[in-house]
Structures are given as C-alpha cells and as structure tokens.
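Chain letters run A, B, ... following the sequence lines, proteins first and then strands; every chain starts at 1. All of these numbers come straight from a predicted model, not from anything done at the bench.
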2 protein chains.
Amino acid sequence: MFAPTDTQTIRDLIDRLTRLAAAEEWNGPLNPSQFAALGYLARANRFSRAPSHVADFLATTRGTASQTLKALARKDLIAETRSDEDKRSIRYDVTPAGLEMLEGPSSLEKVIDTLSPEVAASLASSLKALVLTMLHQRGGRSFGMCRTCCHHEVTETGGHCRLLNVPLSPADAAQLCHEHTPAESLQP
Amino acid sequence: MFAPTDTQTIRDLIDRLTRLAAAEEWNGPLNPSQFAALGYLARANRFSRAPSHVADFLATTRGTASQTLKALARKDLIAETRSDEDKRSIRYDVTPAGLEMLEGPSSLEKVIDTLSPEVAASLASSLKALVLTMLHQRGGRSFGMCRTCCHHEVTETGGHCRLLNVPLSPADAAQLCHEHTPAESLQP
DNA sequence: CCTTATTAGTAGCGAGTCGAAACTATTGCA
DNA sequence: TGCAATAGTTTCGACTCGCTACTAATAAGG
C-alpha cells in the first residue's frame, strides 16, 4: 500500500534530522563540528587523540581537524600535550571545562529517548550497518572499543593490546581506538 | 546481552553517517547545504520555493538561505522569478542544469539500497518519527506532499487546496508544500 | 652514516555556512 | 494616512572545509 520506501526519502530524513539537531543543539558556544570533536576526544583512548585521528573520525582532512582543535584549545576545553617518544605528534586531552560541555542530553538525544527500546535497538543496528558499509567503501576506520577489537586480549589484570603491546585497564578497553579492527562476529 | 542501546550511540551514528556522506558525496561543485536546497526546490510546489521556505526547510535563517540560493543562482542551477501579486516575494525554479545535478544516486543512497526492504521501511519509519517529534518541539513545518495534507481535497480533475484555494494537478499533489499540515492518521 | 622518503602537524587561501543584526522594499491593517 | 508586519538582502565575525605548500621529525635504504 505505502510507497516502496524509496532510498531518497531515507537520505532526506537523515539530512533533515541532522539539520534540525544542529539548529536546536548548538551546545553553548560550540558548533556541531567542535562538539563532535570534543565528544570524540572524551571517548577515545590515549593512543587515539591526535589531530590526524580526529580527522579520520570526522571524515575530514588533517588541516580542517587541526583548526577545529585549535578553536577548542582557545576556549580551554582541550589541552595539548606533545609526545616524548615522537616529537612530531600531539595528544589533546579534554579539560574539566570540556567535560562539562558534554554533560546533559542534547535535544536530539531527548527525542531519541522517546523511542521504545525495541525501535531504538532496531534503529541503532540499521544505522550501524550503514556506517560500516560506508566505512568499508572508503577504507575508513571503525573506531570501536578495544574490547571488541581483534587485537584485544583478556588477561588476569584486565586486558592487553597485541598491536601496540600495552596493558589496558577495564576503563581503557571501553574507549574508542584508532587502530580498532572488529573481531569476527562481534558488533563493533 | 547487548548494551541498552544508549541514546548517545544513536546520536553518534547519525552524526557520523552524515559526515561520511558529506565527505564522500560532495556532488560536483555543490556542498551539502547547496545540494539540500537544490533538492528541496526540485521537489517543492510552486507556492513553496521562496527563500523563507527554504530557510524553514533547512532549519536555518532567511539570511543564510538567501546566501545559499544566491550561490546556486550564480552557478545557473536555479533561476529567480519575482512575483507579480506580491512584489516582495521571489520564487526560485530549478534549471535543467540544476536537475542534472540531482541525477544519479549519491553514495549514501547506494549504501541505503543495500538494506532489505523490511529494514529500510523500519528505518524510514523510525527516522520519520524522530523528525516529526523534533519538528513538533520547535514548531517547525512538516513539508509533506499535498495529498497527505488536511487542506487537500480530491476533485474530478485532480485535487484542490482549500487553504490557498487553487486547483492541483496530480503532479502538484505529489510535491512538497510549505503549508503542509498532516491529515489525521496519515503518514506525512 | 647520510640521503631520501614518509609522516605529523601547521599556515594560508578561497568559497561557503551560519547566526545575528541592521537595512530596503512592499503590503496590511486600523 | 500612518504604522506595523513581512520578504528579502546585506554585512559582520567566527568558523568549516578542501587544498596546496610548508616545517620538523622519524624511518628506510644504500
């Protein structure tokens, strides 16, 4: 009876939803890109907080990511730390003021909360499939949590990353990693 | 077994999907906003193609919409027509060159096409619910098609809009309208 | 060792988004 | 007739975004 749910409709709905959220949300003095970068930094592990990782995550260039991070740093929401091992690389950590920015649900989140758990679960799995397919097509990284990664190993003390060869606390294992590669038959 | 599908995850997936699509898509010389505006104009009826309508649809201001439309006009993808009844108002029509831009599925659309019809239908209905709730909250307009509008009336020759008091061809009735108000128990 | 890559991050450019505010016309109302 | 509302534009400042060119540091190979 109803139209064949054409592809364009779904595309439009996603676009419109994002625009509505962006118009409404505008969390304090942060625009959507800055908010997304800040949110990523807050959830990424200490090996994945460099400008290039943010660029990968936001599907943009290093140049753009660099500027977004500088804008966040100017507002003291993140702080830069230069690495000792590799003097080229930089790590940005979220400051307490930055964490404050991330508090409280956005208006889009409030709306998502009105969905029933079943509908929400189904929505999440569909979106996840779309994101993974897009990532696969462009050779992008998945940025999942360490505990769903093929390089992750459970030990007595917590976990261990076989790729970087470092121990991981349970808190570490729940953060996003740039090197994440989904283990077989596990949702990323 | 799996996590309680937290709200933030869904928010993130939508954001990430939009960013991936924006990075990939970049349809010719058009950025996402211009593409969205062009797509809207192509699907809106002749009473809904003014800058203020585009602003409403894109959930932005008239000033921003005005600039986006000027950019499209500079590229000869849309053409401006001043109204005779109301000398303030302007209507933008999509040119043949503009229609060409809209041809062919975007990469996001290609990915959406890989979903099964059932999953796609479920995804569409969830997204529709989210968009409607967001719109309801901010008092925005739904921009549905005339044939799902409470002002629409079926006649022998096609349709009729009770609000604007104008006849509508079947093609008209399938376009988006700024004045659209969902009829009860019909998906918009 | 020393010379190339290669890599990480940055600066600058030009086009454009975006909100906000100020500013023309034009129309509506009282 | 006069004032308020409306439609659209302009300008401003901050920012995104891709791009190119650039510096500094590390890696690789002869």
> Picking from D:dT6, D:dC17, D:dG8, which would you name as closest to the side chain of B:R88?
Replying inline: D:dT6

>> Using heavy-atom distances to pick each residue's nearest nucleotide on DNA chain D, tell me which of A:L58 and A:K87 is more 5'.
In response: A:L58

>> For a quick check of understanding: with a heavy-atom distance under 4.0 Å over all strands, which category does A:R91 fall into, base, sugar-phosphate or nothing?
In response: nothing

> Which pair of heavy atoms, one from A:Y92 and one from A:A73, lies closest together, and at what distance?
Replying inline: CE2-CB, 4.5 Å

Using atom types as modelled, flag every donor-acceptor pair under 3.5 Å from a side chain in residues 57-67 of chain A to any protein atom, sequence neighbours excluded.
from	atom 1	to	atom 2	distance (Å)
A:T61	OG1	A:T64	N	3.3
A:T61	OG1	A:T64	OG1	3.1

>> Both B:R62 and B:S33 contact DNA chain C. Taking the nearest nucleotide for each, which residue is further toward the 5' end?
In response: B:S33

>> For A:Y92 and A:R19, find the nucleotide of DNA chain C closest to each by heavy atoms; which residue's nucleotide sits nearer the 5' end?
In response: A:Y92

> Reading DNA chain C 5' to 3', which nucleotide is the first, and which the last, to come under 4.0 Å of any heavy atom in chain A?
Replying inline: C:dT7 to C:dC18

Collect all protein-nucleotide pairs involving nucleotides 18-20 of chain D in which both atoms are nitrogen or oxygen and the distance is under 3.5 Å.
from	atom 1	to	atom 2	distance (Å)
D:dG18	OP2	A:T60	OG1	2.4
D:dG18	OP2	A:T61	N	3.4
D:dG18	N7	A:T64	OG1	3.4

> When you measure from the side chain of A:H180 to the backbone N and O of A:M145, does any donor-acceptor pair fall under 3.5 Å?
Replying inline: yes

> In residues 76-85 of chain B, which ones come under 4.0 Å of DNA chain D, going by heavy atoms?
Replying inline: none

>> Please pick, from D:dT9, D:dT16, D:dA25, the nucleotide with the shortest atom-to-atom distance to any side-chain atom of B:I90.
In response: D:dT9

> What residues, two or more places apart in sequence or in another chain, satisfy side chain to side chain contact (heavy atoms under 4.5 Å, CB included) together with A:V166?
Replying inline: A:F47, A:C161, A:L164, A:L168

> Which residues pass the salt bridge (Lys or Arg N to Asp or Glu O under 4.0 Å) test with B:R49, sequence neighbours left out?
Replying inline: B:D93

>> Do A:R82 and A:K87 have side chains that approach each other closer than 4.5 Å (heavy atoms only, starting at C-beta)?
In response: no

